[in-house]
A.B. asks: 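Below are the structure tokens for one structure; questions will follow.
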There are 2 protein chains.
Amino acid sequence: MELDIRIKMNEKLYLRNPEESALGKKIVRNGIQLINKLGFEEFTFKKLATDSGTTEASIYRYFENKHRLLMYLISWYWNYLEYKVVFSLNNLKDPELKLKTIIKLLVEDHQNKDLNSDYISEKEAYRLLIWEGSKAYLTRSIAKDNKDRLFKPYKDLCERFSKVIREYNPTYKFSHSLASTILEMAHSLKFFKQNLPALTDFPKEPDDKKIVLFLETLLFSAIAK
Amino acid sequence: MELDIRIKMNEKLYLRNPEESALGKKIVRNGIQLINKLGFEEFTFKKLATDSGTTEASIYRYFENKHRLLMYLISWYWNYLEYKVVFSLNNLKDPELKLKTIIKLLVEDHQNKDLNSDYISEKEAYRLLIWEGSKAYLTRSIAKDNKDRLFKPYKDLCERFSKVIREYNPTYKFSHSLASTILEMAHSLKFFKQNLPALTDFPKEPDDKKIVLFLETLLFSAIAK
DNA sequence: CAATAAATAATAGCATTACTATCATTATTA
DNA sequence: TAATAATGATAGTAATGCTATTATTTATTG
């Protein structure tokens with residue numbers, strides 16, 4: 001079985017909905033790849049146009065600028081991740097197990113073959129988040145972007161996470177801060193492990209069990225009853 | 001008494017040492033202000049030249065490009081912070097007190113009147129770090145930059161921090177990861193509190209005692225003996 | 001103090017970026 | 001089949017991210 005999941009995206013993210021045309025999907029699919037290849041700074045709509053066999057002008061009909069395209073992609077990822085969390089937590093009763101499940105979802109390389117989107121690769125989106133994720137909010141347009149509710153997916157995920165934290169320990173006072181700490185550091189530590197390993201204690205092994213272990217012990221010691 | 005501290009900067013950061021001329025200092029001083037004002041993406045050497053009453057060409061004689069200027073400034077800040085840590089920890093014996101002191105230094109708005117640099121404002125550098133800090137490493141040039149040892153100041157600070165953690169609890173296995181987590185989140189949470197408060201549990205009050213409290217409890221519960 | 005060197009200013013130029021606009025052409029849909 | 005919408009082709013413009021050249025000022029040192 002393959003579930004073709006469709007995520008409803010905030011309309012402020014685009015000028016024309018890229019999901020509704022072959023070109024739109026191509027722009028998104030090639031866009032994420034090209035940003036991953038070049039890095040966001042070196043990435044341009046011109047290059048994406050050439051890469052996708054279309055023109056700059058056509059891309060501008062879908063996205064106002066490259067920052068909005070990045071927002072679209074990151075936003076998609078947070079939505080997707082929340083969806084995965086909901087899916088994976090279904091039928092789980094034990095808050096401890098729920099929390100461990102969330103951490104695994106945050107850290108594990110994404111290779112889910114059941115859940116899948118028809119045009120955005122999970123793996124590419126994950127890499128994008130790790131390398132470019134914080135550039136989505138570290139801008140002067142954050143107030144406006146926030147007003148446009150572009151960060152809702154991230155906040156929703158954080159809120160869902162923090163609820164499970166409070167389920168585990170209702171007296172813990174910093175559930176949101178703790179949730180965003182785990183969210184942020186899951187990705188930062190993956191980056192550090194690869195690029196600045198001195199900032200971590202993780203050897204360059206293929207799996208990320210140590211990161212999971214670190215985040216788990218950090219989380220559970222913080223909320224110990 | 002005012003201590004005029006001078007930080008030795010990695011020579012790879014610049015083409016010509018900006019500390020050695022009035023123009024160089026002006027470029028750095030105005031540069032940090034202008035990046036803070038415009039955001040790094042909107043910041044250009046042209047604008048800085050106009051702002052500083054000089055020319056683009058002159059700025060290019062000091063810094064290869066704006067990313068290297070950012071690296072210079074961030075690097076300066078990490079160096080400065082490590083210096084402050086060393087200074088503040090001097091004569092302290094109790095590892096617990098040492099750790100609390102470090103967290104305060106990370107979170108507190110910087111207004112130190114004793115320690116001061118003649119040309120970089122501590123407050124401006126702190127704001128720069130919060131808004132633009134991660135852009136220093138989230139680039140495709142990280143491998144090269146790392147080889148040039150541009151991240152040494154950050155690693156040194158992290159190492160110093162992690163040593164105190166192990167002093168407190170010699171059996172704790174993730175001292176570097178924990179140190180970088182506290183370092184990163186101190187600044188992220190300050191940013192979130194201001195710009196995406198839903199990701200935190202901190203009301204919009206002027207002081208940051210709650211952030212300090214959160215980080216302290218996170219740290220000490222993780223390394224509890 | 002003059003001579004020389006070094007730093008800066010002034011100016012120009014060039015390829016690329018980040019768009020906007022126009023018009024022709026090809027699909028789609030009514 | 002006519003009308004509408006989407007895309008392609010092409011052009012253009014101001015700004016960016018540089019590099020180069022020459023003139024002028026400032027510093028140094030013989």
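Reckoned from all heavy atoms, side chains included, excluding hydrogens, waters and symmetry mates. In the text below, chain A, chain B and the rest are named by the order of the sequence lines, each starting its count at 1.
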A.B. asks: Under 4.0 angstrom, heavy atoms only, what part of the nucleic acid is B/Y60 near: base, sugar-phosphate, or nothing?
C.D. replies: base
A.B. asks: Are a donor atom and an acceptor atom from the side chains of B/S52 and B/T54 found within less than 3.5 Å of each other?
C.D. replies: no
A.B. asks: Tell me which nucleotide among C/dT11, D/dG8, C/dA18 gets nearest to the side chain of B/T55.
C.D. replies: C/dT11
A.B. asks: So which heavy atom on B/K155 is nearest to which on A/L196, and how close?
C.D. replies: CE-CD2, 4.2 Å
A.B. asks: Using a 4.0 Å cut-off on protein heavy atoms (strictly under), produce a 5'-to-3' string for nucleotides 25-30 of chain C with B for base contact, S for backbone-only sugar-phosphate contact, and - for none.
C.D. replies: ------
A.B. asks: Could you check which of D/dG8, C/dA18, C/dA9 has an atom nearest any side-chain atom of B/S58?
C.D. replies: C/dA9
A.B. asks: How close do A/S188 and B/E184 get, heavy atom to heavy atom, and via which atoms?
C.D. replies: OG-OE1, 4.5 Å
A.B. asks: Would you say the side-chain atoms of B/K123 and B/N36 include a donor-acceptor pair closer than 3.5 Å?
C.D. replies: no
A.B. asks: Answer with base, sugar-phosphate or nothing: what part of the nucleic acid does A/F63 contact at a heavy-atom distance below 4.0 Å?
C.D. replies: nothing
A.B. asks: How long is the gap from OH on B/Y126 to CG on B/L129, to the nearest 0.5 Å?
C.D. replies: 8.0 Å
A.B. asks: Could you please name the option among D/dA9, C/dA10, C/dA7 that lies closest to any side-chain atom of B/R16?
C.D. replies: C/dA7
A.B. asks: What is the minimum heavy-atom distance between A/R140 and B/L38, and which atoms define it?
C.D. replies: CG-O, 3.4 Å
A.B. asks: Which sits closer to the 5' end of DNA chain C, B/S21 or B/A57, going by the nucleotide each is nearest to?
C.D. replies: B/S21
A.B. asks: Does B/Y62 place a side-chain N or O at less than 4.0 Å from the phosphate oxygens OP1/OP2 of C/dA7?
C.D. replies: no
